[in-house]
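Input: a single structure, listed below in structure tokens.
Here is how names work: the chains are called A, B, and so on, in the same order as the sequence lines, proteins then strands, and each is numbered from 1. Below, each value reflects all heavy atoms present in this structure, side chains not excepted, and no hydrogens, waters or symmetry copies.
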Amino acid sequence: MLKPLGALMEPPDTFDFEASDVTGTHTVTAQGVQRLLRTSDVAASLAATMALPKSVPWALRDESTSAFLDDEKPIGEQLRPGAKVTLTPKTHLG
Amino acid sequence: MPRTLRPTQPRGHVHLEPSNGRRRERVEANGRVREPAFLRQDGWSLLHTATMEVDPLTGHFGKPGLWRLVGQPVQGVFELPPLLDLEGDDELDRDELLAECRAWALCTAHGNVPDGWQPPPRAEVEAWIPPGGLTIRSGTQARQARLVHEPERLALVCPLLTGLAAELSPARRSWLRAVLLDGQERWRLVRLGLTPTAAAAEIDLTGVPPLIVESVFRTSLGALRWVVAWLVESAAFLADRANPCAALEVCPVRDTPAERRVVPC
């Protein structure tokens with residue numbers, strides 16, 4: 001039996017959160033982000049939204065824990081809805 | 001009574017147009033019905049239905065097979081991609097394979113799944129997807145496609161938009177529809193769908209003959225990635241009410257000058 005068109009189209013699970021760059025200049029609300037998306041892909045998309053340099057690798061840090069999110073894991077496993085994250089360039093010290 | 005577009009189920013025999021555009025006798029002298037032949041175009045094999053009154057963005061979404069709705073007036077089209085990885089197979093009975101594909105097309109044209117068809121094991125299908133193959137990025141947008149693997153369905157589906165605002169203006173919805181229709185006309189294989197709250201892209205491989213399932217699946221994944229990447233930023237821009245753009249309140253260019261009207265800001 002065919003499923004209703006709306007049920008066919010809706011993604012399994014999405015959520016919203018807030019992201020800002022490390023200077024606090026840009027803040028965006030990421031809406032309807034699919035939980036299964038890899039964190040690195042979400043970070044790259046946020047960087048593009050904020051018109052940040054494409055040649056820089058970006059990481060996300062959860063402001064509530066100050067912990068960096070794992071790039072390879074789905075973002076939905078690491079953030080709760082309404083969370084605030086900071087988009088930070090990946091730098092290697094020393 | 002005004003004509004309205006609404007999704008319709010094909011009734012009885014689906015009339016497939018002779019692919020060479022010429023009318024031909026469908027019943028042979030011995031009484032057998034001759035099935036329409038595939039039209040060959042740039043290495044693709046195509047079948048068309050007769051015209052139908054149906055919305056191209058809802059009429060086939062979720063239904064089995066590669067059928068899509070294109071053109072004006074609207075027609076169904078079944079597009080079998082080139083099977084390049086089978087080209088060197090000398091043992092392949094091409095006539096038999098073509099017959100299987102035609103049977104697939106004819107069966108799914110009625111919205112049916114071929115009797116006894118099952119998808120390959122899920123693990124086997126997942127092995128055809130490269131790492132990150134279901135993630136599609138384009139500029140500011142990222143989407144995760146999903147593999148639909150069910151006893152009677154094999155498909156790839158990718159959301160384009162979710163939670164479309166009910167307050168989105170009619171003009172913006174019209175632009176969004178125009179962009180999706182353009183994508184459906186321009187690119188093969190990928191079927192686009194639009195509801196009041198969401199938009200998505202899919203390719204349905206239900207019923208595909210086992211011999212070509214891997215080839216068609218790999219091509220389909222590439223096609224889905226291409227079309228979603230091509231469309232998603234434009235669709236997201238049109239759907240974002242936070243983008244104040246008075247130009248978007250002008251009717252899409254498909255309207256004739258007589259149909260355009262000034263919409264107050």
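- Ala199(B) touches chain A through its backbone: at least one of N, CA, C or O sits under 4.5 Å from a heavy atom, while the side chain does not.
- Shown here is Glu233(B), whose CD atom has more than 12 heavy atoms of other residues, nucleotides or ligands within 6.0 Å.
- Note: Gln144(B) CD to Arg35(A) CZ = 14.0 Å, rounded to the nearest 0.5 Å.
- In this structure, CZ in Arg38(A) is found 11.0 Å from CG in Leu134(B), a value given to the nearest 0.5 Å.
- Using a 4.5 Å cut-off between heavy atoms, Arg143(B) touches chain A through backbone and side chain atoms alike.
- Only the backbone of Leu194(B) has a heavy atom closer than 4.5 Å to any heavy atom of chain A.
- Taking a 6.0 Å sphere around CD of Gln118(B), one finds it holds 12 or fewer heavy atoms contributed by other residues, nucleotides or ligands.
- For a residue to count as touching a neighbouring chain, one of its non-hydrogen atoms must lie under 4.5 Å from one of that chain's; by this rule Ala47(A) does not touch chain B.
- Heavy-atom pairs under 4.5 Å with chain B peak, among Gly32(A), Ala44(A), Ala51(A), at Ala44(A).
- Minimum heavy-atom separation, Ala48(A) to Gly139(B): CB-O, 3.4 Å.
- Heavy atoms of other residues, nucleotides or ligands lying less than 6.0 angstrom from CH2 of Trp226(B) number 12 at most.
- Closest of all the heavy-atom pairs between Leu37(A) and Ala142(B) is CD1-O, 3.6 Å.
- Across all their heavy atoms, Ser45(A) and Thr140(B) have their closest contact at CB-O, 3.4 Å.
- The distance from atom CG of Leu36(A) to atom CZ of Arg146(B), rounded to the nearest 0.5 Å, is 10.5 Å.
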